[in-house]
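In what follows, a structure is listed as structure tokens, so that the remarks can point back to it.
These numbers come from the heavy atoms of this one structure, side chains and all, not from hydrogens, waters or symmetry mates.
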Amino acid sequence: MISGTAYSILLFAIAITSGLCLAKLNVKGITIGSTWILFIGIVMGHFGLVPDAKVLSFMKDFGLILFVYSIGLQVGPGFFSSFKNGGVKLNLLAVGLILLSALTAFVIHLITGESLQTMVGVMSGAVTNTPGLGAAQQTLLDSGGSPANSSVLASAYAVAYPMGVLGVLALLIILKAVFKVDIDKETKEIEDQLSSSEGNARRMHCEVSNPAVIGKCLKDVLSEELKNEMVVSRIMRNGEEFIPNQDTVLKENDKVLIVTTQKHVDSIRIIFGAEVPMHHDDWIKGRKGVPQLKRLGITRSSITGKKLSEILFKCHYAVTVTRVVRSGVELVASPDLRVQVGDYLQVVGDKDGIDAIANMVGNKASALDKPNLLPIFLGIALGVVFGCIPIAIPGIPQPIKLGLAGGPLIIAILISCFGPRAHITTYTTMSANMMIREIGISFFLAAVGFGAGETFVSSLMAGGWWWILYGALITIVPTLTIALLGRYAFKLNFLQICGLLAGGTTNPPVLAFAQNAYSGKFVSLNYATVYPLSMFMRVLTAQVMILISLA
């Protein structure tokens, strides 16, 4: 007969396997995914199929750590840049959505007398925020709360979760009709906004006509600021193309191919001359010596954190780095840009020079397939320590701890964002990140289900059916308010609203629906803009509300 640890592992495997099989079910493209694992765990727990208490506690905590840490690694590189290019407006609305959710839960607590701790569980389910539930349970137990109350949190979460998904989906469908949205028109609008974004790379074709720069070297006509914000990729003179360097002398009627940002377009026109209509094929026809255009991947960890100017691409080789592609986004190859493993360099030059650059940066795709475990376990260790540090907040009766959800999340964001500056390679492939995340959330959901199963039915019979209504209010009131505010006060595009609501409620099923029903690329972009801060705020808000309930 199987017993002990083996029995506990068997129960986890059964719950996760069954839940993942049910996760394949969908109704018109809508599914609750791996949340089925939670419900399977509840059913098994109700019938007494529960793992050993110590194993259950470990699996729940470790699964939560893996889940939130993988999220932090993914969103960290774009966390701070998400506040640029309109991101401040979206993130402020996301914070407003989170605070409205907490306020709605608190008002329901005051009106109905329902326990505030229970309302935290309802709120976590109503906004489909699993890390918030984990943080709330951890804070409750750390503050002396009983395991039974922790189980009630999980039960309330499970009851409110379906409405957290369906409520936002229904709201998006209704808003599309109310706003009379033309998806093609909205897509065109957001494409125009992105193309004019000051931070995006932009190609320019200028003809040298300014008498002030004719006969001067490139290094003498550009200010120090502009040198860091643009790259002169190629020059065409008398029908022949060549790669310039800083000492190249400009001549009248030279055609100059420049990569810069929208912010500096007007300045470049003033310096060189007006833009001229040219196509990529025009440059190919004028090539002499057949310079090559290639994309090289940075796979050598020793390069991480170095500036392009430090690597001295342009000084030693007849090669120009025109752009750096990071996570699908094109960046201007300015000398001060710090590169990292996983970046791709768009280079143009002769074969020998490009081969030398490729050897320097690695350019071996297979190297990116190797797991990079050091930043994962180092970050988890730092995150656990950081999460245990008490933080005093005015008005809160006792210090708050970020716990096993907030600590690793913040450290993951910081280490993935700033690690390359310290020459720490933080790159992980998307598949590796997803594997860690799915394993973590599967363990956590199964553990939460097992823990809640024993009291789930009795909680419902004792008035838990009201949790469905409470969850619906917490889902609909804040999201509807922010959607209307975003549309009419902040003039947001409908696709921005979709991403805002999906990211602000940390709701992957809503994201999947909006991607399939509308324009997936732009919904995802805005989802990613607000998701990091929303995740952090959801975790923090749940903890603060638990501490208030204990005051």
Once you round to the nearest 0.5 Å, how far does [atom1] of [X] lie from [atom2] of [Y]?
| X | Y | atom1 | atom2 | answer |
| --- | --- | --- | --- | --- |
| Tyr7 | Leu10 | OH | CG | 8.0 Å |
| Ile37 | Phe444 | CD1 | CZ | 12.0 Å |
| Phe490 | Ile482 | CZ | CD1 | 8.0 Å |
| Met435 | Leu66 | CE | CG | 12.5 Å |
| Leu480 | Thr475 | CG | OG1 | 12.0 Å |
| Leu171 | Cys498 | CG | SG | 9.5 Å |

Could you go through residues 96-112 and list every donor-acceptor pair under 3.5 Å that involves a side-chain atom there, pairing it with any protein atom two or more places apart or in another chain?
from	atom 1	to	atom 2	distance (Å)
Ser101	OG	Leu97	O	2.9
Ser101	OG	Arg538	NH1	3.4
Thr104	OG1	Leu100	O	2.7
His109	ND1	Glu114	O	2.7
Thr112	OG1	Ile108	O	2.6
Thr112	OG1	Glu114	N	3.2

Check [X] against [Y] and note the closest heavy-atom contact, atom names and distance.
| X | Y | result |
| --- | --- | --- |
| Leu501 | Thr505 | O-OG1, 2.6 Å |
| Ile497 | Ala483 | CD1-O, 3.9 Å |
| Ala126 | Gly471 | CB-O, 3.4 Å |
| Ile16 | Ala446 | CG1-CB, 4.1 Å |
| Ala94 | Val530 | CB-CB, 4.0 Å |
| Ser549 | Gln117 | OG-CG, 3.2 Å |

Check whether NZ of the Lys or CZ of the Arg Arg487 lies under 6.0 Å from the centre of the six-membered ring of Phe179 and within 45 degrees of that ring's axis.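 Yes; both conditions hold, so Arg487 lies above the ring face of Phe179.
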Measure from the ring center of Phe12 to the ring center of Phe450 and say whether it is less than 6.0 Å.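 When the ring centroids of Phe12 and Phe450 are compared, they turn out to be within the sub-6.0 Å range.
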With side-chain contact (heavy atoms from CB on, under 4.5 Å) as the test, would you mind laying out the steps for Val95 and Leu533 before giving the verdict? CA-CA 8 Å; Val95 170; Leu533 182 61; 3.7 Å; yes
Run the numbers on Ser155 and Trp467 for side-chain contact (heavy atoms from CB on, under 4.5 Å), then give the verdict. CA-CA 10 Å; Ser155 297; Trp467 296 344; 4.0 Å; yes
Passes side-chain contact (heavy atoms from CB on, under 4.5 Å), Leu485 versus Leu93? Steps please. CA-CA 9 Å; Leu485 189 63; Leu93 286 170; 4.0 Å; yes
Report yes or no: does Ser18 contribute a side-chain atom to a donor-acceptor pair with the main-chain N or O of Ala15 at less than 3.5 Å?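 Pair absent, no side-chain N/O of Ser18 close to backbone of Ala15.
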